[in-house]
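Here is the structure we will look at.
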Amino acid sequence: MKKGNQQSYFYNSLLFMRKIFFYLFFVVLSGLFAHADPLSPRNDQVCLRLDNNIQLIIDERIELVCTVFRLAGAQEYINYQLFDYISEVDDFVYNNKDHPIISFIKDIRDNYNFAYSIAAKSALMVKIVNGNIVYDNAWNLKKTFSEEYEQCWTEDIFREYVGLLDDFYKKSNFHLFFISHFQFYEKIVEESAKTISKINVPVLEQYYQRRVFPVDLYLGLSTGNNNYSIPGINNQKQWNKHLAIVIGVEYENNSVPSISNNQIYTIVHEISHFFVAPLIEKTFRHFSSEMETVFSVVKNDMYSLGYSSARSVAGEWINEIFSIRYFIATAEDKNNIDEYIAENEERGFIWFGKAIDETILNCHENSVSESLSKIIQFAKSLPSRWETIQAEYLSKKPFIIDIQPSFKEISSNTKMIKVIFSESMMMGISGMLKLPDYPMIPAEFPSCHWENDTTFVIKLNSDMLISENEFGVRFPYYSFVSKTHYRMKDNYDMIFKVQ
C-alpha cells in the first residue's frame with residue numbers, strides 16, 4: 001500500500017472509530033435520559049414558562065433545521081461560540097454531510113431567498129410523528145405562500161424540502177443526538193431564565209393598550225448569532241395565540257451558554273413587531289412613495305439584511321424606534337441607546353439617529369398614535385433631506401488624519417509607526433491585514449498597541465527593514481471603531497518604501 005493510501009486509510013479508520021464511539025456513547029446516554037425528569041414532559045423539547053409569560057424552549061426541529069442549513073454553508077446559521085457542541089453535531093451526522101438536502105438548500109438559496117427567518121419558520125411548519133418529519137397540517141399553506149414575504153419560496157419547494165428533511169432525520173438518527181443532550185439543554189434554559197425574567201412585559205402592554213400574547217422563545221444552539229421573529233405565525237388553522245421568536249445563545253461570564261443581557265434588546269425588538277406590524281399595515285400607504293424612493297438607494301444593503309421591499313424596510317426601522325422607546329421609558333439599558341442608534345445606522349438605516357431625535361427622544365411619554373404621526377411625518381421628509389442626512393452620517397465615521405513618520409518612506413532604523421485617528425477610538429479593537437501584492441509590514445504584532453484613544457502604534461522589527469524594499473499593510477474598516485460605535489468608511493491601505 002502506498003504511503004498516501006496508508007494515511008487515507010488510517011484517517012478514515014479513525015473517523016469510523018470516532019463515529020462508533022459517539023454512537024455507542026449516545027445509546028447509553030439515551031437509556032439514562034429516558035427516565036429523566038426534564039422541565040417539560042416531551043422528548044423533543046425542553047421548555048420553561050416564566051412569570052412574564054415568556055416560554056423558553058429548546059426544540060429538536062429547530063436544531064435539526066439549523067444543522068442542515070449550516071452544513072449547506074448558510075452563514076446566518078453558524079454559531080462560532082458553541083464550538084464544542086457544533087463539533088459534536090458534525091461528528092454525529094458526519095456520514096450524512098453530503099445528503100441530498102444539502103445541495104437542495106444550496107440551490108434554493110441561490111434562486112430564492114430561502115434564508116434567515118424563513119428557514120427558522122420552516123422548522124415550525126413541520127412536526128415529528130412516530131419518528132417521521134411531516135408537514136404540520138395546522139398551517140394554512142395557501143395563505144402562508146400567498147403572503148408578500150413568502151415569495152422567497154413556494155409550496156412545492158416546501159413539500160420537497162420536508163421529504164428530504166425527513167430522510168436526513170432518519171438516516172442521521174438525529175433524535176438520538178437530541179435526547180442525549182437533554183441535561184445540557186435544561187441547564188441552558190435555566191440559565192437563560194435569569195435574564196429573560198427581567199423583561200417588563202406590562203410596560204409594553206400599558207403603552208400599546210394591548211395584551212401581549214404568550215411568547216415562545218426558541219433558544220437555538222445552532223442558529224448562529226441571529227434572531228428571527230417568525231412571520232405569519234398566525235397562519236395556522238387553530239392558532240394558539242402564541243408569538244414565536246428564534247434566537248441564538250452565547251457564552252457570557254459562565255460555563256453554560258445562555259441568553260445574554262445584551263440580547264434583551266433583541267427580544268424586546270422582536271416582541272415589538274407584534275404591536276408595530278398592524279400599525280404599518282394601516283398606515284404604510286401614507287408614506288409608501290417616499291419609502292420606495294429611499295429603498296431604491298439603500299436596497300443593496302437591505303437585501304443583505306433580508307429586507308426585500310420598501311415596506312419591510314419601513315417595518316424594521318419603525319419597529320426599532322418603538323423598541324428603543326421601551327428602554328427610554330424603563331431606564332433599562334439606557335446608557336446603550338447611542339450604541340443601538342449607531343448599530344442601526346451602520347446596518348444601512350443611516351437616518352435612524354435623526355429619526356430618534358425627532359420622534360421619541362424627548363417625547364417618549366406621547367401616545368402610540370402621537371409617536372406614529374411624528375414617525376410618518378419624518379418618513380415623508382426623508383427623500384428631500386437625503387443628502388443632508390447622508391452627509392451627517394458620514395461625518396460620524398472616524399478616519400486617519402496623520403501617520404508618523406511620514407507616509408510612503410521610512411528609514412531602515414524606524415522603530416515604530418504611529419497612526420492617528422480623527423476620533424476617540426475603542427482601544428483594543430484593532431486588526432491589520434496583508435495588502436495584496438506587497439509583503440506584510442514587519443510588525444511585532446504582540447507589541448502593537450494604543451498609545452492613547454486616538455493613536456495606534458505599529459511596533460516594527462527594524463532588522464527586517466531592508467533598503468529599497470516595499471511593505472504594505474491594510475487597516476480594515478470594520479476593525480477600527482470609534483467610541484461612538486462607528487466604523488471607518490473604507491479600508492485604509494498603507495505602502496512604505498525603506499530608504
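A quick note: this is a predicted structure, and the numbers were derived from the prediction, not measured.
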task = Show your reasoning for whether salt bridge (Lys or Arg N to Asp or Glu O under 4.0 Å) applies to E76 and R109.
result = CA-CA 12 Å; E76 70 271 26; R109 283 173 67 85; 2.8 Å; yes
Polar side-chain atom of [X] near backbone of [Y] as donor-acceptor pair, under 3.5 Å:
| X | Y | answer |
| --- | --- | --- |
| S308 | Y303 | no |
| Y77 | Y116 | yes |
| S422 | P398 | no |
| N132 | V134 | no |
| S373 | S369 | no |
| K198 | N261 | no |
| H181 | F177 | yes |
| N452 | T455 | yes |
| Y326 | N200 | yes |
| N79 | V249 | yes |

Y112 ring center within less than 6.0 Å of W153 ring center = no
inquiry  = Just checking F213 against F275, ring centres under 6.0 Å apart?
reply    = no
Mind checking whether [X] and [Y] have parallel, tilted or perpendicular rings, split at 30° and 60°?
| X | Y | value |
| --- | --- | --- |
| H269 | H273 | perpendicular |
| F480 | F475 | parallel |
| W450 | F421 | tilted |
| F168 | H99 | perpendicular |

query = Could you walk me through whether D216 and R49 pass the salt bridge (Lys or Arg N to Asp or Glu O under 4.0 Å) check?
reply = CA-CA 9 Å; D216 290 340; R49 182 163 295 282; 3.2 Å; yes
task = For salt bridge (Lys or Arg N to Asp or Glu O under 4.0 Å), just list the numbers for R311 and E281, CA-CA rounded to whole Å, side-chain angles, deciding distance to a tenth of an Å, and then say yes or no.
result = CA-CA 9 Å; R311 184 168 178 167; E281 180 77 22; 2.4 Å; yes
request  = Return the set of residues passing salt bridge (charged side-chain N to carboxylate O under 4.0 Å, His left out) with E250 (not counting sequence neighbours), or none when no residue passes.
outcome  = none
Salt-bridge criterion met for [X] and [Y] (N-O under 4.0 Å):
| X | Y | answer |
| --- | --- | --- |
| D110 | K106 | no |
| K354 | E392 | yes |
| R385 | E358 | yes |
| K397 | E346 | yes |
| K396 | E345 | yes |
| D44 | K127 | no |

Going by heavy atoms in the side chains, are [X] and [Y] under 4.5 Å from each other?
| X | Y | value |
| --- | --- | --- |
| V93 | F174 | yes |
| I233 | W139 | yes |
| T388 | Y393 | no |
| T67 | F69 | no |
| I86 | S222 | yes |
| Y169 | E60 | yes |
| N366 | I360 | no |
| L56 | C47 | no |

Report, as yes or no, whether the 6.0 Å neighbourhood of atom [atom1] on [X] holds more than 12 heavy atoms from other residues, nucleotides or ligands.
| X | atom1 | result |
| --- | --- | --- |
| K237 | NZ | yes |
| Q377 | CD | no |
| K299 | NZ | no |
| R211 | CZ | no |
| Q206 | CD | no |

[X] side chain to [Y] side chain, donor-acceptor N/O pair below 3.5 angstrom:
| X | Y | result |
| --- | --- | --- |
| Y218 | Q45 | no |
| D301 | S304 | no |
| E320 | Y265 | yes |
| Y161 | S122 | yes |
| S371 | Y207 | yes |

Exercise: identify the closest heavy-atom pair between [X] and [Y]:
| X | Y | answer |
| --- | --- | --- |
| T283 | L372 | CG2-CD2, 3.8 Å |
| A123 | V65 | CB-CG2, 3.6 Å |
| R285 | K282 | NH1-O, 2.6 Å |

note = dist S312:OG -> M302:CE (nearest 0.5 Å) comes out at 9.0 Å
From F274 atom CZ to N234 atom CG, the distance as rounded to the nearest 0.5 Å = 9.5 Å
inquiry  = Using the rule side-chain contact (heavy atoms from CB on, under 4.5 Å), only one of I133, L64, D166 pairs with V126; which is it?
reply    = I133
query = Cation-pi between R159 and Y135: NZ/CZ under 6.0 Å from ring centre and within 45° of the ring axis?
reply = yes
key: Geometric cation-pi criterion R61 and F178, 6.0 Å radius, 45° cone   = no
message = salt bridge (Lys or Arg N to Asp or Glu O under 4.0 Å), that's the test. Do E316 and R347 meet it? Break it down for me.
response = CA-CA 11 Å; E316 179 65 10; R347 290 170 69 206; 3.4 Å; yes
